[in-house]
Amino acid sequence: MVEELILILFILFVGSFIQGVSGFGFGLFSMGFLPLFLTLKDSTLLVLALTIAISLNILFRFFRCINWKNISVILIGALTGRIFSFYFLNTYGEMDWAKKTLGFLLIAIVLSLLTTKRETNSSMLYKNPLLTIIIGFIGGFIGGVFAVGGPFFTFYFLMRYKEKNHYNANLQASFIITNAFTLTLHGINGDYNSSFWFYLLPGLCIIWIGTNLGLRWFEHLPRERIKKLVSIIVLLSGLVLLTSS
């Protein structure tokens, strides 16, 4: 039990450091390993709860950069997706084909980001709210089931904002709202058990350390370097999902 706790805390530390550096990645990294020790549902709920704590820590520095009007559109799709994901997770649980599909999808996102001009993507997002809602729905659904919906929001806000602090602030605000909504649904349904609470409390301490160390790196990294780091994280995560399913 002690060895397992140490391994889980190490996973959470590395994931929180990645999120501190890039603005996301905690769920992507953690969900690649936590299901080896916990059930899919326990892993998802733990990551969603800890992501809120990480995002609050990051958002504390950039709160004034939030544009509530802009994020409201993507949140419409994201919260709708979280409702569907709630029923999917409780009804079907862990499904190998879904993980493989997610792996292919993440890799496709990276390839699209690297081969498409930023200006074209930004114009499409600004002029087509429906596309933004669809992105939010997909990210919200996948985030609610596997706690790895971050890439969809990350790429959206990377294309939406040139200034990295605005990108980070709106990204974290989206994570907090969508995750709190999902956790509330599962709380009403009585889905939390002793395992969740056992790992949550020490997890909160370790992610605080990891996030703050990552934030020190974030302050010195240019936006394009962050973009490349995000792409590498997503690509590796997609490959892990494909090979581990």
Side-chain angles (χ1 to χ4, degrees), residues 12 15-16 19 23-28 30-31 34-35 38-60 62-63 65-95 98 102 105 129-157 160 167-193 195-197 199-201 203-204 207 211:
L12 298 177
S16 62
Q19 180 128 347
F24 94 113
F26 175 68
L28 285 169
S30 300
M31 289 301 290
L34 287 183
L38 308 173
T39 65
L40 176 66
K41 179 182 287 187
D42 286 344
S43 300
T44 298
L45 294 179
L46 179 62
V47 168
L48 292 179
L50 293 176
T51 298
I52 291 180
I54 293 174
S55 295
L56 284 172
N57 189 16
I58 297 175
L59 190 61
F60 179 76
F62 309 115
F63 185 80
C65 298
I66 299 176
N67 188 319
W68 295 106
K69 182 179 179 179
N70 286 344
I71 68 172
S72 62
V73 179
I74 196 170
L75 285 177
I76 292 173
L79 295 178
T80 303
R82 287 303 176 96
I83 294 175
F84 281 88
S85 70
F86 167 75
Y87 290 105
F88 184 93
L89 185 61
N90 280 331
T91 304
Y92 299 103
E94 187 169 1
M95 301 182 70
L102 174 60
L105 194 57
L130 179 60
L131 179 59
T132 300
I133 292 175
I134 292 174
I135 293 173
F137 177 85
I138 297 174
F141 178 80
I142 292 177
V145 176
F146 299 112
V148 293
F152 298 91
F153 299 97
T154 299
F155 292 149
Y156 171 81
F157 288 117
R160 192 73 171 82
Y167 144 76
N168 210 353
N170 289 276
L171 178 65
Q172 303 311 319
S174 299
F175 286 160
I176 293 170
I177 294 172
T178 54
N179 287 357
F181 180 72
T182 297
L183 291 173
T184 300
L185 291 178
H186 284 284
I188 294 174
N189 198 50
D191 292 332
Y192 301 111
N193 55 33
S195 177
F196 171 83
W197 299 109
Y199 292 110
L200 178 66
L201 297 180
L204 287 171
I207 64 170
T211 304

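Position 1 is the first residue of the sequence, and the numbers go up from there. Everything quoted here is computed from the prediction, not taken from an experiment.
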Which residues satisfy the salt bridge (Lys or Arg N to Asp or Glu O under 4.0 Å) test with Asp191, sequence neighbours excluded?
Lys41
If you look at every heavy atom in Ser30 and Leu12, which pair is closest and at what distance?
OG-CD2, 4.1 Å
Minimum-distance pair of heavy atoms, taken over all atoms of Tyr156 and Asn70:
OH-O, 4.2 Å
What's the separation between atom CG in Leu204 and atom CG in Leu200, rounded to the nearest 0.5 Å?
4.5 Å
Measure the CZ-CD1 distance between Phe88 and Ile142 for me, rounded to the nearest 0.5 Å.
10.0 Å
Is it the case that the side chain of Tyr192 and the backbone of Leu183 share a donor-acceptor pair, with hydrogens and angles ignored and the cut-off at 3.5 Å?
yes
Considering all heavy atoms, the nearest Val145-Ser85 contact
CG2-CB, 3.6 Å
Are the side chain of Ser43 and the backbone N or O of Met31 linked by a donor-acceptor pair below 3.5 Å?
no
Going through the distances and angles, do Leu34 and Asp42 end up as a side-chain contact (heavy atoms from CB on, under 4.5 Å)?
CA-CA 9 Å; Leu34 287 183; Asp42 286 344; over 6 Å; no
Taking side chain to side chain contact (heavy atoms under 4.5 Å, CB included) as the definition, give me every residue that meets it alongside Thr51, ordered by chain and number, with sequence neighbours left out.
Gln19, Phe26, Val47, Ser55, Phe175, Asn179
Tell me every residue that passes side chain to side chain contact (heavy atoms under 4.5 Å, CB included) with Phe84, counting only those two or more places apart in sequence or in another chain.
Thr80, Phe137, Phe141
Could you give the distance from CD1 (Ile138) to CD1 (Ile133), rounded to the nearest 0.5 Å?
12.5 Å
Under the 3.5 angstrom rule, does the side chain of Asn193 hit a backbone N or O of Phe196 as a donor-acceptor pair?
yes
Would you say Ile74 and Phe152 make side-chain contact, with heavy atoms under 4.5 Å?
no
Is the closest side-chain heavy-atom distance between Ile66 and Leu59 below 4.5 Å?
yes
Given side chains that start at C-beta, do those of Leu45 and His186 come closer than 4.5 Å, heavy atoms only?
yes
Go through the steps to decide whether Thr154 and Tyr167 satisfy the test side-chain contact (heavy atoms from CB on, under 4.5 Å), and finish with yes or no.
CA-CA 8 Å; Thr154 299; Tyr167 144 76; 3.5 Å; yes
Distance col, row Ile83:CD1 vs Leu185:CG, nearest 0.5 angstrom, shows 7.0 Å
Nearest 0.5 Å, please: how far is CZ in Phe63 from CD in Gln172?
13.0 Å
Of all heavy-atom pairs linking Thr44 and Gly143, the shortest is CG2-O, 4.5 Å
Ala53 versus Ile207, closest heavy-atom pair with distance
CB-CD1, 3.8 Å
For Thr178 and Ala78, which heavy atoms make the closest approach, and how far apart are they?
CG2-CB, 3.6 Å
Could you tell me whether the side chain of Arg82 and the main chain of Thr182 form a donor-acceptor pair under 3.5 Å?
no
When rounded to the nearest 0.5 angstrom, what distance separates CG in Leu79 from OG in Ser72?
11.0 Å
State whether the side chain of Asn67 and the backbone N or O of Asn170 hold a donor-acceptor pair below 3.5 Å, judged by distance alone.
no
